[in-house]
S.K.: 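Pasting a structure below so you can have a look.
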Amino acid sequence: MIYTLCIILFLLGLYGVLVKRNIIKIIISLAMMNNAVNLFLILLAYRSNGVAPILDPGMDPSILLETSVDPLPQALVLTSVVIGLGVTALMVALAIRLYHAYGTFDITKIRKLKG
Amino acid sequence: MMVEIAIFFLLIFMIIGMLFVLEIENLLSAVVMMGAIGFGLSVIFLLLGAPDLAIVQIAVEVISVVILIRATIHRDIKERADESLSNISSIPLLVCIFFFFLMIYPALRLLPTFGEPVFLNFYSSSVYYLRDGFHLTGAPNIVSAIILDFRAYDTLGEAIVLFTSVIGALSILRYRNRKKEHNAS
C-alpha cells in the first residue's frame, strides 16, 4: 500500500513533466520524482520497529544486527539527495537565463534562437 | 504499525500537495507548496530511522526553495488555467492509469512486505557494515562510517558533482558582467 502511494507520487511528477508548459513547474516535478525514488529506496530498507543505525554509549555493537534498519541505502540516498540539489540549482539557473532572453517561462513560446 | 499509519497519512499529504503544485495558478504558491512537501518527506525519513537523511533533506529543501523563489519572486506571473500542453480529457487519462496499474501489479506483488528489509536477509555488505563497522572505523554512527570511510570515494564523487553544478550555475548566471565589458570595449 505504501509502495503504491510512493509510485503515485512518482507518476504525478511524471505527469507534470510531460503535460505542464511552465518551466518552474517542470523543475518542481523533476525534484518530486527524485524525492519519490529516494523515498522508495528508504522504504525498502525499513525493518518493523527498527531503530536508527547509531550506537549509544555502552551498547554492544552486535545488537544492531537484530534491531537496526539497513544503513547502506541511507548512505547512498544521502549522496542522491545532495546531487538532486545540484541538478535543481543548475536547472533554475538555466530557467533564469531563459527568462532574461525570452521574457517568459512558457516552453511553447521559447522557439526562436536568440540570446 | 503506528509508524506505518503515520507514513501513510504523510504520503497522502504529499500527494495532495503535489496536486496543488500542478494545478495552482500562482507560481510562488507552487514553490512554497514544494517546500511543504519536502518537509513532509523529511518527517517520513525521521520515522523510518534515518535521522542523518532527515537533516540533509531539510537543508536541501530550504536551499532549493530559496533558489526557486529567487527565480520567481519578481516575475509576478500567473499561469492561466489552460496552460497545460494539450487538453487531456479525463477518460483516456483514467484508462491509462488503470492499464498502468494492471501492468505493474505483478511487480508490486514481488515487492517484500513493508517492514522486512530485503538487504539484511542474506549475507550482504549491509550485514558486514552493521557487524564490523564500529570495530573497523570507531564511528558509532554506521551511516557516517559508510559514507566517510567504507565508501569515501563515493562521497568524493558527490562533492565533485556538486561543485561542478555550482560552477555551471555561476557561469550561466555571470552573463550580465560579460555584457557590460562588451559594451565598454
Side-chain angles (χ1 to χ4, degrees), chain A residues 1-6 8-9 12-13 15-16 19-22 24-25 27-28 31-32 35 39 42-48 50-55 61-62 64-65 68-75 77-79 81-90 92-97 99 105, chain B residues 4 7-8 11 14-15 18 21-22 27 30 34 41 44-45 48-53 56-57 60 63-64 67-68 71-72 77 79 83-85 88 108 111 114-115 117-120 125-127 129-131 134-135 140-143 146-147 151 154-155 158 161-162 165 168-169 172-173 175:
Chain A
M1 191 62 202
I2 288 182
Y3 294 127
T4 315
L5 287 179
C6 196
I8 288 173
L9 192 62
L12 281 176
Y15 174 82
V19 168
K20 286 293 162 185
R21 278 184 185 179
N22 198 308
I24 297 295
K25 290 204 171 178
I27 291 171
I28 293 175
M32 278 310 128
N35 282 350
L39 178 61
I42 297 298
L43 284 175
L44 279 178
Y46 183 67
R47 182 206 293 266
S48 295
V51 297
I54 298 173
L55 281 169
S62 61
L64 278 184
L65 210 53
S68 159
V69 300
D70 193 353
L72 186 56
Q74 292 188 19
V77 166
L78 202 65
T79 310
V81 167
V82 177
I83 288 177
L85 172 68
V87 171
T88 308
L90 199 56
V92 172
L94 281 171
I96 290 173
R97 295 296 320 132
Y99 189 87
F105 278 133
Chain B
E4 196 171 337
I7 291 170
F8 180 80
L11 267 171
M14 286 170 70
I15 288 171
M18 193 61 207
V21 167
L22 288 177
L27 277 184
M34 178 210 165
L41 183 67
I44 291 180
F45 282 155
L48 288 172
D52 316 84
L53 211 48
V56 170
Q57 176 68 34
V60 162
I63 295 172
S64 48
I67 294 171
L68 275 166
T72 53
I77 317 157
E79 204 191 24
E83 192 116 341
S84 288
L85 209 51
I88 298 177
L108 282 174
L111 282 175
F114 181 68
V118 273
F119 305 95
L120 286 175
S125 47
S126 301
V127 176
Y129 294 146
L130 274 178
R131 196 183 52 217
F134 182 66
H135 296 300
N141 187 344
I142 306 296
V143 174
I146 294 174
I147 62 169
R151 292 175 184 249
D154 195 9
T155 310
E158 168 203 327
V161 170
L162 190 62
S165 77
I172 288 168
L173 290 175
Y175 177 75

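FYI, side chains are in, hydrogens and waters are out, and symmetry mates aren't considered; it's all heavy atoms of this structure.
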S.K.: Would you indicate whether the side-chain heavy atoms of A:M32 and A:L12 approach each other to under 4.5 Å?
M.R.: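 Counting from C-beta outward, A:L12 and A:M32 never come under 4.5 Å.
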
S.K.: Who passes side-chain contact (heavy atoms from CB on, under 4.5 Å) against A:L94, sequence neighbours left out?
M.R.: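 side-chain contact (heavy atoms from CB on, under 4.5 Å) check on A:L94 returns B:I172.
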
S.K.: Check whether any side-chain heavy atom of B:S125 lies under 4.5 Å from a side-chain heavy atom of A:L72, and answer yes or no.
M.R.: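 Side chain of B:S125 against side chain of A:L72, heavy atoms only: contact under 4.5 Å found.
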
S.K.: Does any non-hydrogen side-chain atom of B:D52 lie less than 4.5 Å from one of B:F45?
M.R.: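 B:F45 vs B:D52: side chains apart.
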
S.K.: Specify which of B:L108, B:L111, B:I63 makes the most heavy-atom pairs with chain A at under 4.5 Å.
M.R.: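 Counting heavy-atom pairs under 4.5 Å, the top option is B:L111.
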
S.K.: Heavy-atom pairs under 4.5 Å with chain B - which of A:N35, A:V51, A:V77, A:T4 has more of them than the others?
M.R.: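 Top option by heavy-atom pairs under 4.5 Å: A:N35.
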
S.K.: Under a 4.5 Å heavy-atom cut-off, does chain A meet the side chain of B:T155, its backbone, both or neither?
M.R.: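 It is neither, since no heavy atom gets under 4.5 Å.
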
S.K.: Where on B:L53 is there a heavy atom nearer than 4.5 Å to chain A: the side chain, the backbone, both, or neither?
M.R.: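 Both parts, backbone and side chain.
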
S.K.: Checking heavy atoms, do the side chain of B:V60, its backbone, both or neither come under 4.5 Å from chain A?
M.R.: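 It is both, since atoms from each part get that close.
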
S.K.: Over 60° means perpendicular and under 30° means parallel, so classify the ring planes of A:Y46 and B:F114, tilted if in between.
M.R.: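 Plane angle under 30°, so parallel.
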
S.K.: Against chain B, work out which of A:L90, A:I8, A:L78, A:I83 has the most heavy-atom pairs shorter than 4.5 Å and name it.
M.R.: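 Going by pairs under 4.5 Å, I would pick A:L78.
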
S.K.: Between B:L48 and chain A, which part of the residue has a heavy atom less than 4.5 Å away: side chain, backbone, both or neither?
M.R.: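 Contact with chain A: backbone and side chain both.
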
S.K.: Chain B: which of A:G13, A:A52, A:G16, A:G84 shares the most heavy-atom pairs with it under 4.5 Å?
M.R.: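 The option with the most such pairs is A:A52.
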
S.K.: What heavy-atom pair brings B:L22 and A:K25 nearest, and what distance separates the two atoms?
M.R.: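 What the structure gives for the nearest pair is O-NZ, 3.3 Å.
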
S.K.: Less than 4.5 Å apart, side chain to side chain, heavy atoms only: is that true for B:I142 and A:S68?
M.R.: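 With C-beta onward as the side chain, the pair stays apart.
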
S.K.: If you compare all heavy atoms of A:I54 against all heavy atoms of B:P51, which two are closest, and at what distance to 0.1 Å?
M.R.: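 Here A:I54 and B:P51 meet closest at CD1-CG, 4.0 Å.
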
S.K.: Chain A: which of B:I146, B:I44, B:I7 shares the most heavy-atom pairs with it under 4.5 Å?
M.R.: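 Most heavy-atom pairs within the cutoff with chain A belong to B:I146.
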
S.K.: Measuring heavy-atom distances to chain B, does A:T79 have an atom under 4.5 Å in its side chain, in its backbone, in both, or in neither?
M.R.: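 Answer is both: backbone and side chain atoms of A:T79 are under 4.5 Å from chain B.
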
S.K.: Please name all residues satisfying side chain to side chain donor-acceptor pair (under 3.5 Å) with A:Q74, sequence neighbours left out, ordered by chain then number.
M.R.: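 Once residues adjacent in sequence are excluded, A:Q74 has no partner under the side chain to side chain donor-acceptor pair (under 3.5 Å) criterion.
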
S.K.: Counting only non-hydrogen atoms closer than 4.5 Å, does B:L162 touch chain A with its backbone (N, CA, C, O), its side chain (CB onward), both, or neither?
M.R.: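 Just the side chain, heavy atoms under 4.5 Å.
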
S.K.: With a 4.5 angstrom heavy-atom cut-off, is it the side chain or the backbone of B:Y129 that approaches chain A, or both, or neither?
M.R.: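 Answer is side chain: those atoms of B:Y129 sit under 4.5 Å from chain A.
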
S.K.: Picking from A:I27, A:L43, A:V87, which has the most non-hydrogen pairs under 4.5 angstrom with chain B?
M.R.: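 Ranked by heavy-atom pairs under 4.5 Å with chain B, first place is A:L43.
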
S.K.: Under a 4.5 Å heavy-atom cut-off, does chain A meet the side chain of B:I67, its backbone, both or neither?
M.R.: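 For B:I67, the contact with chain A is made by backbone and side chain together.
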
